[in-house]
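Please read the structure below before turning to the comments.
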There are 2 protein chains.
Amino acid sequence: MPPMSSKTVSASRVTLADIAEGCGVSRATVSLVVRNSPLVHADTRAKVEAEFKRQGYVYNRGAANLRQGRSSIVALVINDLSNPFFAEFAAGVDEALGEAGYAMLLGSTSESVARQQAVLSSLMEHRPAGIILSPAEGSEAGGVAGAVGSGTPMLLFNRDMGGCGWDFLSMDNQAGARMATEHLLAQGHRRIAFYGGFQVSSSCRQRRLGYAEAMAAAGIAPEPHWLIETAPTRLEAARQVAALFANDPALTAAVAYNDAVALGLMLGLAGCGRQAGRDFAVTGFDDIPEAAVSVPPLTTVATDPRELGRQAARRLLERIAEPAQATAAIVAPVRLAVRLSSSPPL
Amino acid sequence: MPPMSSKTVSASRVTLADIAEGCGVSRATVSLVVRNSPLVHADTRAKVEAEFKRQGYVYNRGAANLRQGRSSIVALVINDLSNPFFAEFAAGVDEALGEAGYAMLLGSTSESVARQQAVLSSLMEHRPAGIILSPAEGSEAGGVAGAVGSGTPMLLFNRDMGGCGWDFLSMDNQAGARMATEHLLAQGHRRIAFYGGFQVSSSCRQRRLGYAEAMAAAGIAPEPHWLIETAPTRLEAARQVAALFANDPALTAAVAYNDAVALGLMLGLAGCGRQAGRDFAVTGFDDIPEAAVSVPPLTTVATDPRELGRQAARRLLERIAEPAQATAAIVAPVRLAVRLSSSPPL
DNA sequence: CTGAAAGCGCTTACAG
DNA sequence: CTGAAAGCGCTTACAG
C-alpha cells in the first residue's frame, strides 16, 4: 500500500520527473511545457501546469543551463558599491537584465587589482553568459584576460584598458569637462585650473582634454601648474588646496575632476580664506546627491548612472546574442547642472 | 593522425575529462584534486594542476552543485539599491559572502510587492543556498513564503513580517529614537514631535516606541498631533511641514523618522519662517553621507550598514550550515551623531 | 504531439 | 591512492 505522502511537499525537491509521473506524461513533455513550447496540446499543458502547482515545482535553471550549454547569469564586477554612482549603475544593470530574464551575480573589488582577479576567477566558475566590469584602478588587460578567458563576452565600464576586443561604455568625459570649462569662461573666468584626479586614469585624461580644448578655443594657454593631481577623494582634495595657489594666487576658478574632489576643494578653500561661489568658482563631475545640497550648491556635470547601467546591460546582451559583431566604444552624453558654486569672478 | 589542436584552447570548454585524459588519470582523481582532497598523491596533484594551467581549465561550479545537491550562491533581495544605506548593506553582505566562498545573486524590488514576488521566484530557480531579503513595504509573509518555499533558509532585514520561522536582523530602532529624544530633552526641549514615516512599517512603530519611552521617562505625555505621518521621502516631508505647526505652533523640536525626512523637514521649516538648528531642533536616523554636509549638519542616529550586511551574511551562513537551529531576532546597536541641527530651544 | 535514450560536467559510492 | 559506473535535473535528437 503506497504511503499517503506528497500532500505536504518536501522542500522544493520536486523534479520534472515527479511532475511527469504525477500526471502520466513523459519528462520530455513536461520540459516542453515548462519552456512554453507550442508543440504540446492545450489540455496536456493545463494538466501539467496544474501538477506544477499541486507539487510546488521550482524549475532548476542550473540543470537546464548545464544541459543546454548556456547561461542565464550575467556577472557585474564593480569597484565600489558604496559609491552612489556605481550603486545607481548597478541598479540600472539589474533592471535591464531582469527584463531580459537574466539574473545578476555581483562582485566588488574595493579598487584592488588583486581582489579583482580573485573575484573574476570565482565568478567565472558560475559560467556567466557575460561580464560587465568596471575595472579597478591600475587594472591591466593581460591579468583580466587571463581570469576571464576569451570565451565570455565582456563589457568594460568607465575605465578602458587598451582595446582587447571588449566593448567599452563610458560617459562623455571630454565633452563634460569642456562644457564645465566653457561655462566658467562664459562667466568671465580666465585663470582656470583643472583640479584633482590621477593623470594615469583614462577618465582624468579625457576630462583634461576637454578642459584644454575649451581653454584653447578661448585663446588661453593653461600654465602647467594649473593642472593639479590629487587622489580622487574629498580628503586629499582638501589637503592639496594650498598647492593650488602656491604658484598662482590669481586663479579664480577650477574644474574639479569629480564631485568628491570639488567638495574637498570647497572645504579647503575656506582654509585659504576663500569662499567657493563667492571669490572662487568650482565645478564638479558626477552630480552625486550631495552636490545639490552642499554649501554653496555645486555646479557639476550630470550623468545618469542608472541609464548607463541599462545601456551597459543591453549592449552586453546584444553581444551575447551575436558574439561575432565588431567591438564598440559607446560614449554616453552628459549635461551641465549649473548651481551657485560657479559664480562670475569678483 | 591526430590534429595538432588544443594549443590555443577553445574558449573554456575544457572539462575535467579533458584534464584526466591529458595527464593519464581518471576523472575521479582530477575531481579530488580540484577539491583539495588529501587522498591524492602530491606528485599526481602537481601533474594535474600543471594540466589545469596548460589547458586553461575553469571549474564548473554549477555542475558540481547539481551533483552534490547544494549551492554556493546566496541571493540578496533589496528594495532599493540606489539608497546608500542599502548599497552599503549589500557591500557588507558581499564581503562576508565572498570570504566564505559564496557568490551573491542580487535582485531589487523598487519597493514593489509584485516585483518582489517575481524577483524571488526568478532567483529561486537558481537554487540559492539561502536568501537575504529586505522586504518591500507592504510585504506579506504568505506571499513571500509562497515564492520561497520552506526549504531555503532566509533572513529578513530591516522589516519583519510576523515570525514565520525566519531569522530577522534589524538595527535597534527603538533605542535609536530613544537616544535622539533623550538628547533633545537634555537640550531643554519639551514639546517634541515625532515626524514622518508610515505607521504601518515596523521600523516606524519601533522608533515611535523609543520616542514615547523617552518622553514618558521625562514625564511628558506627547499630544496625539505630535505624531505626524508622511511618506519617508524628502519631498513629502517638506510638504507636510505646515501640518506640524497647524495644531501646535509651540513645538520646538522633532525626531524625524529618518534622514531623508529630516532633510525635507529642514527645507520645509524655512518656508514656515523657521530655521533648523536655530529656532527648531531636528534629529534624523541613518546618518546618510548628506547628513554631515547639510546646512545645518544633521544630528542623527548612525548605524553601520556595512557591518549590518556582514552580520546578515554570517548569520545566514550559520543557518545554512545548521538549518534546524532556533530562529533568532538580532538587534544591532546604533549610536547618536550629534551635530548642529539639534540646538537648545530659544 | 509523446516517449525512450543519451548526455551536459561534475561527484559519489564501490572496488581495487 | 585510483578507476569504472551511476546519477544530479534537465534537454536534445530521434522515433513513433
Side-chain angles (χ1 to χ4, degrees), chain A residues 9-49 51-52 55-73 124-129 149 151, chain B residues 9-49 51-52 55-73 124-129 149 151:
Chain A
V9 181
S10 77
S12 75
R13 285 289 163 82
V14 182
T15 160
L16 271 195
D18 298 326
I19 302 296
E21 194 181 353
C23 54
V25 300
S26 76
R27 291 178 306 166
T29 303
V30 180
S31 175
L32 292 174
V33 170
V34 91
R35 286 174 294 153
N36 283 313
S37 161
L39 292 179
V40 45
H41 192 79
D43 295 353
T44 312
R45 169 181 306 283
K47 195 169 57 172
V48 170
E49 283 175 343
E51 192 68 11
F52 282 156
Q55 296 203 33
Y57 175 69
V58 175
Y59 188 53
N60 186 329
R61 204 167 281 278
N65 286 340
L66 175 58
R67 181 58 175 89
Q68 294 179 120
R70 49 175 197 167
S71 164
S72 51
I73 289 181
M124 283 306 292
E125 298 186 346
H126 291 96
R127 293 289 142 87
Chain B
V9 181
S10 79
S12 73
R13 286 287 165 81
V14 182
T15 160
L16 271 195
D18 298 326
I19 303 296
E21 194 182 355
C23 54
V25 301
S26 77
R27 292 178 305 167
T29 303
V30 180
S31 175
L32 291 174
V33 170
V34 90
R35 284 174 295 153
N36 284 313
S37 163
L39 293 179
V40 44
H41 191 79
D43 296 352
T44 312
R45 171 182 304 283
K47 196 169 60 172
V48 170
E49 282 174 345
E51 192 68 13
F52 283 157
Q55 295 202 32
Y57 174 70
V58 176
Y59 188 53
N60 187 328
R61 205 166 280 277
N65 286 340
L66 175 58
R67 181 58 177 90
Q68 293 180 119
R70 49 175 197 167
S71 164
S72 52
I73 288 180
M124 284 306 292
E125 297 186 349
H126 292 96
R127 293 290 141 91

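Numbers restart at 1 for each chain; the letters A, B, ... are given by sequence-line order, proteins then strands.
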Between B:Arg127 and B:Asn65, is any pair of side-chain heavy atoms under 4.5 Å apart? no
With A:Glu125 via salt bridge (charged side-chain N to carboxylate O under 4.0 Å, His left out) - residues at least two apart: B:Arg61
Outermost DNA chain C nucleotides near chain A [under 4.0 Å, heavy atoms]: C:dC1 to C:dG9
Just wondering, do B:Asn60 and A:Leu66 contact through their side chains at under 4.5 Å, heavy atoms? yes
Which parts of residues 15-37 of chain A get close to DNA chain D, meaning a heavy atom less than 4.0 angstrom away? A:Thr15, A:Leu16, A:Arg27, A:Ala28, A:Ser31, A:Arg35
Does the side chain of A:Val14 come within less than 4.5 Å of A:Val58's, by heavy atoms? no
Take atom CD in A:Glu21; do more than 12 heavy atoms of anything else shown fall under 6.0 Å from it? no
Non-hydrogen side-chain atoms of B:Arg13 and B:Asp18 separated by less than 4.5 Å: no
Quick one: stems involving DNA chain C, counted as three or more successive Watson-Crick or G-U pairs, both distances short of 3.5 Å. C:1-3 with D:14-16, C:5-12 with D:5-12, C:14-16 with D:1-3
Ring pair (Phe, Tyr, Trp, His ring centres under 6.0 Å) filter on A:Phe52, not counting sequence neighbours, yields A:Tyr57
Listed pairs under 3.5 Å, donor-acceptor, residues 27-35 of chain B side chains, sequence neighbours left out:
| unit_1 | atom_1 | unit_2 | atom_2 | d |
| --- | --- | --- | --- | --- |
| B:Thr29 | OG1 | B:Ser26 | OG | 3.2 |
| B:Ser31 | OG | B:Arg35 | NE | 3.4 |
| B:Ser31 | OG | B:Arg35 | NH2 | 2.8 |
| B:Arg35 | NE | B:Ser31 | O | 3.3 |

Does the side chain of A:Ile73 come within less than 4.5 Å of B:His126's, by heavy atoms? yes
Looking only at non-hydrogen atoms, find the nearest pair between A:Ala129 and A:Ser71 and report the distance. N-OG, 3.3 Å
